[in-house]
Amino acid sequence: MASTASKLGSKLSTKSSAGGGGAAAAAGGPPVIPLASPLMGKKKKPFLGMPAPLGYVPGLGRGATGFTTRSDIGPARDANDPVDDRHAPPGKRTVGDQMKKSQEEDEEDLNDTNYDEFNGYAGSLFSSGPYEKDDEEADAIYSALDKRMDERRKERRELREKEEIEKYRMERPKIQQQFSDLKRKLSEVSEEEWLSIPEVGDARNKRQRNPRYEKLTPVPDSFFSKHLQTGENHTSVDPLQGLAGLNTPYPGSMTPGTGELDMRKIGQARNTLMDMRLSQVSDSVSGQTVVDPKGYLTDLNSMIPTHGGDISDIKKARLLLKSVRETNPHHPPAWIASARLEEVTGKLQVARNLIMKGTEMCPKSEDVWLEAARLQPGDTAKAVVAQAVRHLPQSVRIYIRAAELETDVRAKKRVLRKALENVSKSVRLWKTAVELEEPEDARIMLSRAVECCPTSVELWLALARLETYENARRVLNKARENIPTDRHIWITAAKLEEANGNTQMVDKIIDRAITSLRANGVEINREQWIQDAEECDKAGSVATCQAVIRAVIGIGIEEEDCKHTWMEDSESCVAHGALECARAIYAHALQMFPSKKSVWLRAAYFEKSHGTRESLEALLQRAVAHCPKAEVLWLMGAKSKWLAEDVPAARSILALAFQANPNSEEIWLAAVKLESENNEYERARRLLAKARSSAPTARVFMKSVKLEWVLGNIEAAQELCTEALKHYEDFPKLWMMRGQIEEQCENMDKAREAYNQGLKKCPHSSALWLLLSRLEERVGQLTRARAILEKARLKNAQSADLWLESVRLEFRAGLRNISNTLMAKALQECPNSGILWAEAVFLEARPQRKTKSVDALKKCEHDPHVLLAVAKLFWSERKITKAREWFLRTVKIEPDLGDAWALFYKFELQHGTEEQQEEVRKRCENTEPRHGELWCAESKHVLNWQKKTGEILAQVATKIKNTF
């Protein structure tokens with residue numbers, strides 16, 4: 001025990017001397033012996049180095065909780081440090097990316113600027129929430145509602161968008177359209193001028209001007225054979241070899257040692273493929289080739305689907321139809337659809353095989369057999385149809401198809417007769433069979449057909465047409481017994497009686513037809529019966545047509561609507577070319593309304609346009625008997641007699657008109673015109689004197705002055721004019737005639753005085769202002785003429801005639817700029833004036849005229865002056881056909897415009913045939929135009945007062961110059 005303690009003490013002393021010997025030595029003192037520690041004898045704690053118990057929290061006992069230290073959250077990480085997940089997608093591979101993503105998800109912009117009153121916030125408030133099944137259903141409902149709301153006004157919206165696009169394109173035309181007039185001028189450039197245009201220099205550098213294109217060299221066949229023999233399997237070519245362009249291996253080059261490549265076999269395979277394609281194209285259903293020798297390659301390309309979508313769609317359709325066939329093999333449409341799909345893709349033989357399989361699976365389907373017969377070529381199709389007949393002996397369509405496949409008429413007849421043995425009740429088979437027969441055989445067959453099909457109206461009527469009169473009557477009587485509800489049998493019976501001269505029976509038959517059909521419960525449809533009457537009219541059965549009209553014209557119409565409806569019916573019949581129907585309607589209307597002047601007038605105009613002179617005069621005689629106060633009817637009768645050169649009859653009609661209308665101005669003037677046109681001037685003077693005493697009017701005085709003026713009695717005309725102005729000083733035509741008479745006598749001062757006096761009494765008469773202005777211009781007073789027109793425009797601001805005269809005055813004076821300015825002002829004042837727009841077109845330079853004409857047509861689409869200007873524009877450009885179309889359109893819209901007829905006639909004289917010239921002249925004479933600037937200048941001239949319309953037309957046409 002003692003030895004042990006001594007050993008321990010020596011060890012301790014050694015350790016301490018080793019640790020502190022340096023200090024002791026330094027101090028120079030003796031070595032220090034340390035004291036024994038008080039812990040030396042205690043035991044070590046049992047929990048040191050052991051794991052903490054479950055649920056132990058350091059410091060919990062003394063309340064040291066609620067804070068986090070760095071040891072709890074781990075070390076700090078930089079934003080560029082990678083995340084722990086090595087397979088994170090791009091954008092989430094660093095710590096900074098993930099922090100940014102989480103901030104974007106957490107933070108939502110709920111600022112006021114991001115809020116909409118209707119839609120709310122721009123983002124979804126519930127985007128972070130889970131997307132469940134009810135959310136999906138709600139979205140589907142909302143999308144369906146949106147789609148439905150979008151479809152409600154889709155057509156209107158698309159139409160509006162289309163109109164807006166058109167309007168936008170009209171307002172902002174392309175540069176190509178804006179320079180069209182300049183490009184049109186290039187046609188006038190000569191070859192020397194074109195060659196003298198200097199070449200534009202190219203400012204690019206040499207490398208841009210002359211780029212080096214990539215050179216591609218075709219690979220020779222020896223290259224493939226060489227590499228196949230060596231067994232190399234390179235997928236690209238060494239550029240040092242000088243063979244560029246080959247980037248993929250040739251099939252087979254990956255397997256070394258396969259032998260030499262036979263290029264001859266490749267050519268044979270290519271030819272075989274071409275033969276297959278050609279056989280598919282040429283093998284049509286009829287067995288005849290459809291190959292176009294010049295364009296067969298194009299046809300081959302059109303057979304192959306041009307993009308992958310078509311191929312995938314065909315594959316899907318093929319798979320789907322295969323599933324349908326396997327699921328329900330007895331469903332005929334599946335087989336037909338499958339065959340047609342293969343036919344469309346060019347696999348005709350596959351289609352035939354499929355449809356024949358379909359006939360095996362669906363032997364009772366008529367459609368499958370007909371499809372098979374369509375797809376098979378000639379003789380095979382006949383065999384298919386024969387097989388179909390064995391399975392379906394009652395099918396009419398199969399028999400018709402069998403007859404169509406036969407090329408010989410006798411074979412067709414044989415097939416159809418065999419069919420009629422099996423299906424004798426088919427009207428279609430009987431009709432097809434009868435069409436192939438001669439008239440006598442057809443009659444025999446039809447007599448048998450009506451026995452088998454007694455309810456077929458067509459067969460009965462066809463038999464009646466082939467029979468004699470007596471037999472046809474018996475046939476139609478039998479037909480009426482079998483089919484008492486059909487109107488065509490009755491109408492045919494009436495036509496039969498009319499054709500054989502028994503017109504008195506026609507009305508009885510039609511009346512009996514109406515009674516019988518009503519008794520059998522048939523509703524009488526008025527429109528259908530009128531259509532039947534029109535067909536009778538076109539077939540020449542006039543009596544039947546009129547009888548039908550009389551029988552049905554009043555059915556189903558209220559009494560107050562009769563007149564209006566009948567007039568519409570007559571116009572409809574005229575439009576359809578059924579003139580006898582229209583005449584019958586007018587006759588019935590006149591019978592019901594004998595005292596209606598408007599109905600008589602319509603009937604008279606109808607007879608004038610479509611009837612004879614005798615029928616018109618007979619109608620007018622009846623008209624004046626019922627409406628003696630209608631002056632226009634008396635005048636039409638007198639004019640008809642006068643045009644027929646029966647002057648005594650015209651005088652007698654006017655005498656009767658005087659008795660019925662003693663103080664009628666129109667009848668007085670018509671009598672004066674009749675006498676003056678027939679050179680009975682003294683009788684005309686006496687009539688006018690009597691008219692001035694019994695019925696004094698301004699027009700009567702004007703005609704009196706005009707008669708004396710044209711006969712050369714100037715003094716008498718001036719006296720009458722002075723007397724007339726005492727009574728009718730506000731009648732501008734009297735002042736105009738007074739001034740023109742003075743102008744004719746070269747009394748310019750008196751003429752000016754007459755015009756000025758007239759303008760004081762009639763300041764709103766444009767014609768008086770124009771006459772005064774032209775008078776001043778004629779005597780050389782241009783400034784005064786301009787001032788007169790300005791004053792006239794102040795008093796009549798909206799007068800297009802005055803603006804037009806102002807523009808022309810400046811143009812005649814050579815002041816084109818002023819005339820253009822005035823025209824612009826005129827179009828602002830009168831934007832819808834056709835005469836101004838027509839003049840504006842030709843004030844422009846030639847390249848701008850077309851653009852101006854388009855603007856004119858926008859403003860005045862149906863104005864005859866604008867249409868006439870467009871016709872003249874096409875005429876000036878030598879577009880003959882278009883010019884003729886626009887001339888025709890002009891005279892159709894306004895037949896009373898004499899200038900249009902004169903220009904049209906001049907145009908035909910230059911570019912038309914004699915027939916076209918004669919047609920224009922005749923139409924003009926029938927229309928008798930009375931208006932137009934050029935026309936009135938000639939027709940109202942005192943020297944032309946007795947000239948006819950045709951003479952004035954030729955005279956105006958000769959004075960027209962092609963200055964445009």
Side-chain angles (χ1 to χ4, degrees), residues 181-182 184-185 188 739-740 743 746 748-749 751-752 755-756 759 766-831 833-853 855-856 859-860 865-866 868-877 899 902-903 906 932-938 941 956-964:
D181 51 349
L182 299 175
R184 199 178 299 114
K185 253 188 151 180
E188 302 171 5
Q740 286 173 331
E743 276 191 68
E746 300 294 333
M748 298 302 176
D749 294 332
R752 186 182 295 113
Y755 291 144
N756 284 319
L759 286 171
S766 300
L768 268 175
W769 289 106
L770 294 177
L771 285 170
L772 181 57
S773 166
R774 287 169 186 167
L775 174 65
E776 298 296 350
E777 184 185 3
R778 199 175 299 120
V779 297
Q781 298 292 334
L782 188 64
T783 308
R784 191 180 292 177
R786 189 180 292 124
I788 288 168
L789 288 172
E790 287 178 4
K791 187 177 179 181
R793 292 202 306 272
L794 288 174
K795 292 184 180 290
N796 307 279
Q798 301 294 322
S799 175
D801 294 320
L802 292 174
W803 281 106
L804 180 62
E805 184 63 24
S806 301
V807 172
R808 287 178 175 173
L809 177 69
E810 303 299 342
F811 189 82
R812 288 193 294 266
L815 305 171
R816 295 200 60 166
N817 293 335
I818 299 177
S819 67
N820 287 330
T821 307
L822 274 174
M823 178 58 76
K825 289 182 182 177
L827 290 175
Q828 288 177 350
E829 289 289 333
C830 311
S833 170
I835 54 173
L836 287 176
W837 278 106
E839 187 73 16
V841 170
F842 290 98
L843 277 180
E844 296 287 338
R846 190 175 289 272
Q848 281 80 37
R849 285 180 183 176
K850 184 172 285 187
T851 309
K852 199 72 173 179
S853 67
D855 296 338
K859 290 286 185 182
C860 315
H865 296 91
V866 173
L868 187 61
V870 175
K872 288 160 64 177
L873 185 62
F874 283 124
W875 184 6
S876 66
E877 294 177 354
D899 290 1
L903 281 161
K906 176 81 172 180
E933 186 180 6
L934 301 172
W935 185 269
C936 291
E938 293 298 320
H941 198 280
V956 176
T958 53
K959 291 194 175 183
I960 292 173
K961 306 296 180 186
N962 291 19
T963 54
F964 48 83

Open item on the list: Any heavy-atom pair between the side chains of Ser799 and Arg793 that's under 4.5 Å?
Closed with: no

Task: Lys/Arg N to Asp/Glu carboxylate O, Glu810 vs Arg786, below 4.0 Å - done: yes

TODO: Please lay out, stage by stage, how Glu844 and Lys850 fare under the test salt bridge (Lys or Arg N to Asp or Glu O under 4.0 Å).
DONE: CA-CA 9 Å; Glu844 296 287 338; Lys850 184 172 285 187; over 6 Å; no

Task: Ion pair check, Lys791 and Glu776, cut-off under 4.0 Å - done: no

Task: Heavy-atom closest pair, residues Ala813 and Leu782 - done: CB-CD2, 3.7 Å

Task: Donor-acceptor contact below 3.5 Å, side chain Trp803 vs main chain Ala797 - done: yes

Task: Heavy-atom closest pair, residues Arg816 and Ser819 - done: O-OG, 2.6 Å

Open item on the list: To check you understand the geometry: which heavy-atom pair defines the closest contact between Lys906 and Thr958, and what is its length?
Closed with: NZ-O, 4.5 Å

TODO: Test Leu775 against every option in Arg752, Gln781, Arg784 by the side-chain contact (heavy atoms from CB on, under 4.5 Å) rule and name the one that passes.
DONE: Arg752

Open item on the list: Checking Lys185 against Arg846 for the side chain to side chain contact (heavy atoms under 4.5 Å, CB included) test, could you report, in this order, the C-alpha distance in whole Å, the side-chain angles of both residues, the deciding distance, and whether it holds?
Closed with: CA-CA 10 Å; Lys185 253 188 151 180; Arg846 190 175 289 272; over 6 Å; no

Open item on the list: Please find the pair of heavy atoms, one from Phe842 and one from Leu873, that lie closest to each other, and give the distance.
Closed with: CZ-N, 3.9 Å

TODO: For Ser806 and Leu789, work out which heavy atoms get closest and say how close.
DONE: OG-CB, 3.6 Å

- [ ] Answer yes or no: is there an ion pair linking Asp855 with Lys852, defined by an N-O contact shorter than 4.0 Å?
- [x] no

Task: Atom of Ala856, atom of Val841 and distance for their closest heavy-atom approach - done: CB-CG2, 4.4 Å

Open item on the list: Whether the side chain of Ser773 engages the backbone of Leu770 through a donor-acceptor N/O pair (distance < 3.5 Å, no angle test) should be reported.
Closed with: no

Open item on the list: If we ignore hydrogens and angles and just use 3.5 Å, is the side chain of Trp837 paired with the main-chain N or O of Pro831 as donor and acceptor?
Closed with: yes

Open item on the list: Would Glu743 and Tyr755 count as a side chain to side chain contact (heavy atoms under 4.5 Å, CB included) here? Give the steps.
Closed with: CA-CA 11 Å; Glu743 276 191 68; Tyr755 291 144; 2.6 Å; yes

